[in-house]
Visitor: 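Quick one: this structure, given as structure tokens, is what I'll be asking you about.
As the structure is a computational prediction, the values presented were derived from the model and not from experiment. Along the sequence shown, the residues carry numbers beginning at 1. First listed ligand is number 1; within each ligand, the first listed atom is number 1.
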Amino acid sequence: MTFILFGATGDLAKRKLFPALYNLYLDDKLPASFSIIGLGRKYSSDEDFQAKVEKALRAYSRRSVQLSNLQEFLAKFRYFTFDATIKESYTQLLELVETQENELGIPQNRLFYLSVAPSLVDVITTSLHSNGLDQNRGWKRLIIEKPFGSNVETARQLNHKLRKTFSEDEIYRIDHYLGKPMVQSLNTLILANPVLDSLLDQKLISNVQITASEIVGVETRADYYDKAGAIRDMVQNHLLQLVMTAALYLPENLTDNKTRAKKTEIIESLRPIPKEEAHLHVVRGQYEAGEIHDTPVIGYKEEPGVDASSQNDTYFAARLAIDHPAWEGIPFYIRTGKRMNKKSTQIVVEFKHKMVDSTKLQGTSPNLLVLEISPNESISLRVNLKEASGNQFKPVWINFSTNSENQPEAYELLLFDAILGDPTFFAHWREVELSWEWIEPLLNAYQENLLPLHPYRAGSTGPEAAEGLLQEDQHKWW
Ligand SMILES: NC(=O)C1=CN([C@@H]2O[C@H](COP(=O)(O)OP(=O)(O)OC[C@H]3O[C@@H](n4cnc5c(N)ncnc54)[C@H](OP(=O)(O)O)[C@@H]3O)[C@@H](O)[C@H]2O)C=CC1
Ligand SMILES: O=C1O[C@H](COP(=O)(O)O)[C@@H](O)[C@H](O)[C@H]1O
């Protein structure tokens, strides 16, 4: 296999892709013969490039670098100075790929990874085709990074362009939340624990809450983020993918080969929120100055590169209804925000609570099943325990944490799947298109000022209005 990495001098390659490849290599999960060709406009010799890869491994690999096999691994890397907008570059790239394949006896399987700005995707995929890089004897696959369009129209245009060179089966749209180990093992986890399966009964569930809260702010990405906001950056992709995955596995427990079709069914059943009703079901917010872990932080509008009058959302919460027999009458609440009080991605299933008016059951509260996805991985069940004396109950947690130290990283698992040709944990085009279709009226509501932007203090749990969203249904965020 030849791994052809567009954007090899970029941030993602350094922080995620090189370490992922290295850890796959340590685990013997890369093909017996392979080469990696890194591309970027800046000039670099093979040796300089290999030195940069080594530096990235030392800084970001989850496992420390082992000298015994480092040189062998680095020797797989070649660098090619390449400008995606120059036609001749592709002819030279083809020559290099073929030379490597012939000299090293590598089967003509080609994995193209586009770790570049979306504006380059069209020219790259078109030129791969017109220069014959896609006319190989083995398989060819394309991995493409987010963002996949900025609304339904641009996503369709992008997909149309990709499809000129790659079939749907050959396109692997990365959503790194689908690579998180807990998300990947949700299905088997429930299969392995019939007790969980029996708990996840429609008759018992009150609501499902999905949270992805972050401590970080906009960091150095204002250029992109101030146009995208939480809705495009996190909701259209990661949160809706988590909704599909949770809605799919919790009550139904399907086998893997039906996963994508069933996910499409779920997102098709997501009840649209018309723009006129958006204010009833959606809360958007923007962080103001505050404190995180006793350290003062600036507000969003003061961040470098952000417009001082920006109306961009850094927080999003919504109440969703899934018109699917498995989820009738069970609301899903989702929320995500930057500069919140903690880093946590979790799915909480709240069970129906028996409000027994009895002095014998004082202090009970709803049972919860919490699936923590990151930063730690755990399953917790909250039950009510009676105190030693009197009739008072108090909630206690039964907690099972997996040792997440040295767990494979999302990019590692996803790269491995792409190499094997398993698209289960990549977003199918229909999932992406339907997600954008669901998002579209909300974007219109934003544009027409139909949704207020609520300020929230950095370091808090988000705007108060988001609490109100659940209080209306006699629920609260967990
Ligand atoms: N960084 C991250 O954590 C994440 C990134 N992504 C996505 O991954 C992609 C890459 O992001 P990131 O690595 O951060 O971006 P960077 O800006 O750090 O890197 C961009 C890369 O593109 C190359 N490049 C730019 N113009 C050209 C050109 N004309 N021809 C050839 N190569 C070119 C640059 O190389 P050079 O300047 O040498 O030409 C560089 O290697 C983006 O789509 C981003 O949205 C998604 C999730 C997370
Ligand atoms: O895709 C993105 O995800 C990160 C959050 O990822 P996580 O794995 O740390 O939960 C987010 O910070 C970023 O804005 C977004 O582009």
Visitor: Give the residue and atom name of whichever protein heavy atom lies nearest to atom 11 (O) of ligand 1, and the separation in Å to one decimal.
Guide: Leu12 CB, 4.3 Å
Visitor: Checking Asn136 side chain against Trp139 main chain: does a donor-acceptor pair fall under 3.5 Å?
Guide: yes
Visitor: In terms of residue, atom name and distance, what is the protein heavy atom nearest to atom 38 (O) of ligand 1?
Guide: Thr9 OG1, 2.8 Å
Visitor: Using the rule side-chain hydrogen bond (donor to acceptor under 3.5 Å, both in side chains), only one of Gln209, His281, His475, Arg319 pairs with Tyr333; which is it?
Guide: His475
Visitor: Could you tell me whether some N/O pair between Pro118 and ligand 1 is separated by less than 3.5 angstrom?
Guide: no
Visitor: Which option wins on minimum heavy-atom distance to atom 47 (C) of ligand 1: His176, Glu145, Arg221?
Guide: Glu145
Visitor: Among all protein heavy atoms, pick the one closest to atom 25 (C) of ligand 1 and tell me residue, atom and distance.
Guide: Arg41 NH2, 3.5 Å
Visitor: Does CG in Asp223 sit with more than 12 non-hydrogen atoms of other residues, nucleotides or ligands closer than 6.0 Å?
Guide: no
Visitor: Please walk me through it: do Ile36 and Met1 pass side chain to side chain contact (heavy atoms under 4.5 Å, CB included)?
Guide: CA-CA 9 Å; Ile36 299 161; Met1 172 195 78; over 6 Å; no
Visitor: What residues form a salt bridge (Lys or Arg N to Asp or Glu O under 4.0 Å) with Lys14, not counting sequence neighbours?
Guide: none
Visitor: Please work out which of Leu120, Asn237, Val121, Leu114 has its closest non-hydrogen atom nearest to atom 24 (N) of ligand 1.
Guide: Leu120
Visitor: Any nitrogen or oxygen of Leu39, main chain or side chain, under 3.5 Å from a nitrogen or oxygen of ligand 1?
Guide: no
Visitor: For atom 19 (O) of ligand 1, what's the nearest protein heavy-atom neighbour? Residue, atom name and distance, please.
Guide: Gly10 CA, 3.3 Å
Visitor: Using the rule side chain to side chain contact (heavy atoms under 4.5 Å, CB included), only one of Val349, Leu368, Thr211 pairs with Trp478; which is it?
Guide: Leu368
Visitor: Assess the pair Tyr90 and Phe82: is the distance between their ring centroids shorter than 6.0 Å?
Guide: yes
Visitor: Kindly confirm or rule out an N or O of Ala84 lying under 3.5 angstrom from an N or O of ligand 1.
Guide: yes
Visitor: Between Glu72 and Tyr25, is any side-chain donor less than 3.5 angstrom from a side-chain acceptor?
Guide: yes
Visitor: Looking just at side-chain N and O atoms, do Gln447 and Lys275 make a donor-acceptor pair shorter than 3.5 Å?
Guide: no
Visitor: Polar-atom distance check: Asp11 versus ligand 1, any N or O pair below 3.5 Å?
Guide: yes
Visitor: May I ask whether atom 17 (O) of ligand 1 is less than 4.0 Å from at least one protein heavy atom?
Guide: no
Visitor: Looking at Phe82, which atoms of ligand 1 are within less than 4.0 Å of one of its heavy atoms?
Guide: 30 (N), 31 (C)
Visitor: Looking at every non-hydrogen atom in both residues, tell me the closest pair between Ser115 and Leu5 and how far apart they are.
Guide: CB-CD1, 4.1 Å
Visitor: Return a table of N or O atom pairs, ligand 2 on one side and protein on the other, at distances under 3.5 Å, rounded to 0.1 Å.
Guide:
unit_1, atom_1, unit_2, atom_2, d
ligand 2, 1 (O), Lys146, NZ, 2.9
ligand 2, 1 (O), His238, NE2, 2.7
ligand 2, 6 (O), His176, NE2, 3.2
ligand 2, 8 (O), His176, NE2, 2.8
ligand 2, 8 (O), Lys180, NZ, 2.6
ligand 2, 9 (O), Lys343, NZ, 2.9
ligand 2, 10 (O), Tyr177, OH, 2.5
ligand 2, 10 (O), Lys343, NZ, 2.7
ligand 2, 12 (O), Glu214, OE1, 2.5
ligand 2, 12 (O), Glu214, OE2, 3.3
ligand 2, 12 (O), Lys338, NZ, 3.2
ligand 2, 14 (O), Arg221, NH1, 2.9
ligand 2, 14 (O), Asp233, OD2, 2.6
ligand 2, 14 (O), Lys338, NZ, 2.9
ligand 2, 16 (O), Lys146, NZ, 2.9
ligand 2, 16 (O), Arg221, NH2, 3.0
ligand 2, 16 (O), Asp233, OD1, 2.6
ligand 2, 16 (O), Asp233, OD2, 3.4

Visitor: Please report the shortest heavy-atom distance between Met234 and Asn237, naming the atom on each side.
Guide: O-OD1, 3.4 Å
Visitor: Just going by heavy-atom distances, which of Lys16, Lys42, Lys146 is nearest to atom 37 (O) of ligand 1?
Guide: Lys42
Visitor: When only distance counts, is Arg15 in polar contact with ligand 1, meaning an N/O pair under 3.5 Å?
Guide: yes
Visitor: What do you reckon, are the aromatic ring centroids of Phe148 and Trp436 less than 6.0 Å apart?
Guide: no
Visitor: Are Tyr456 and Tyr315 an aromatic pair by the rule of ring centers under 6.0 Å?
Guide: yes
